[in-house]
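Worth saying up front: this structure is predicted, and the values here are computed from it rather than measured.
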Amino acid sequence: MSNADLAVPSQTLGVFGGTFDPVHNGHLILARALRDTFALPEVRLIPTGLPPHRPAPPVSPQQRFEWVQAAIAGEPGLTADDREVRRDGYCYTVDTLAELQQEHPDALLVWLVGGDSFHHLATWQRWRDLLECGHMVIAARPGYDWTTLSEELARELKHRAVPAQPDALGQGRISILPTPLMPFSSTELRDKLAHGEDVSGLTPVAQAIGRSGLYLT
Ligand SMILES: Nc1ncnc2c1ncn2[C@@H]1O[C@H](COP(=O)(O)OP(=O)(O)OP(=O)(O)O)[C@@H](O)[C@H]1O
Ligand SMILES: O=C(O)c1ccc[n+]([C@@H]2O[C@H](COP(=O)([O-])O)[C@@H](O)[C@H]2O)c1
């Protein structure tokens, strides 16, 4: 590796996309861990508009975005970005990262996905290009481990893996976020909300979600 390869990027931007249907404490723990592990000045949470890979959630993109905004209010370095909410058609991560890179030409994009997302990465739009769009960070998730990755993803991970620390950041590299396994999921939240259960321990916006009545069956 040359000295140029080892240069620490002078600007960075954290990116965390998700359906956030709705946002939960696991998302917040991950966003904070991404910010703190890599000393990122900003991590953008980007709720998806029309997801390409799952049925469109009944709750509108704008509503999911507003709950994300409320959930991170007052959190240093965490911001909400509504570009996918405003986009017509399917929201592909490769397009979002390209847009961000154009707006921040000198920044290295440090983008986060959960282990379940990574397991399915080879189904994503232009996934090989995606791996070159920035520094990818993977958060382990219960039920998904490194032994069940497809051969091609395991090869990419092995080839690109570097420690999760600021001085290892670089285009095309991958790190594993050092967070404990967290059982939180939006699916569990939606189930509990549908049954009128208290979810205040699972999301900071439980009251707003409850008032909306949106997940009641
Ligand atoms: N508990 C968790 N641990 C690790 N990664 C997570 C966790 N929850 C969400 N993620 C990751 O955060 C990103 C956004 O997740 P998303 O908004 O789909 O929430 P979710 O809990 O996975 O939702 P759902 O249950 O509806 O699938 C994805 O890359 C997902 O893998
Ligand atoms: O670009 C793609 O092809 C693609 C395929 C699947 C998921 N994504 C993005 O991955 C993020 C996490 O997805 P999800 O379903 O776990 O919320 C979210 O920002 C999606 O838009 C993107």
Test of ring centre spacing under 6.0 Å for F184 and H27 | no

When you look at L169 and T12, which way does the side-chain contact (heavy atoms from CB on, under 4.5 Å) test go after all the steps?
-> CA-CA 9 Å; L169 283 173; T12 51; 4.0 Å; yes

Between Q62 (side chain) and R86 (backbone), is there a donor-acceptor pair under 3.5 Å?
-> no

Where the side chain of S175 meets the backbone of V137, is there a donor-acceptor pair that is under 3.5 Å apart?
-> no

Hydrophobic clusters join Ile, Leu, Val, Met, Phe, Trp and Tyr when side-chain heavy atoms are under 4.5 Å apart, directly or via other members; which others share one with V85?
-> F65

Have S212 and Q63 got a donor and an acceptor in their side chains that come within less than 3.5 Å?
-> no

Enclosure of E103 CD (heavy-atom neighbours >12, cutoff 6.0 Å) = yes

Mind checking whether Y215 and I209 have side chains closer than 4.5 Å, heavy atoms only?
-> yes

Lys/Arg-Asp/Glu bridge criterion (N-O < 4.0 Å) met for R44, E42 = yes

Would you call R128 and E152 a salt bridge, taking side-chain N to carboxylate O under 4.0 Å as the test?
-> yes

Indicate whether any N or O donor in one side chain lies under 3.5 Å from an N or O acceptor in the other, for S200 and D198.
-> yes

Can you check whether V113 reaches L121 side chain to side chain, under 4.5 Å on heavy atoms?
-> no

For the pair D81 and L45, evaluate side-chain contact (heavy atoms from CB on, under 4.5 Å) and give the outcome as yes or no after the intermediate values.
-> CA-CA 6 Å; D81 182 317; L45 285 83; over 6 Å; no

With a 3.5 Å cut-off and no angle check, do the side chains of Y90 and D95 form a donor-acceptor pair?
-> no

Looking only at heavy atoms, which two atoms of A208 and W67 are closest? And how far apart?
-> CB-NE1, 3.8 Å

Would you check, one step at a time, whether the test side-chain contact (heavy atoms from CB on, under 4.5 Å) holds for E75 with R32?
-> CA-CA 9 Å; E75 285 270 357; R32 290 185 200 117; 2.6 Å; yes

With a 3.5 Å cut-off and no angle check, do the side chains of H119 and T148 form a donor-acceptor pair?
-> yes

Does any non-hydrogen side-chain atom of L30 lie less than 4.5 Å from one of T179?
-> yes

Backbone of H104 reached by a side-chain donor or acceptor of Q101 within 3.5 Å = yes

Is it true that E132 and R160 make a salt bridge, defined as a side-chain N closer than 4.0 Å to a carboxylate O?
-> yes

Donor-acceptor side-chain pairing of H24 and S185 below 3.5 angstrom = no

Quick one: do the R87 and T96 side chains pair a donor with an acceptor below 3.5 Å?
-> yes

R190 (side chain) donor-acceptor with D21 (main chain) under 3.5 angstrom = yes

Donor-acceptor pair, side chain of R64 and main chain of V23, under 3.5 angstrom = no

Take atom CD of E151 as the centre, draw a 6.0 Å sphere, and report whether it contains more than 12 heavy atoms from other residues, nucleotides or ligands.
-> no

Any sub-3.5 Å donor-acceptor pair from Q165's side-chain atoms to T37's backbone N or O?
-> no

Determine the minimum heavy-atom distance between N25 and G201, stating which atoms define it.
-> ND2-O, 3.0 Å

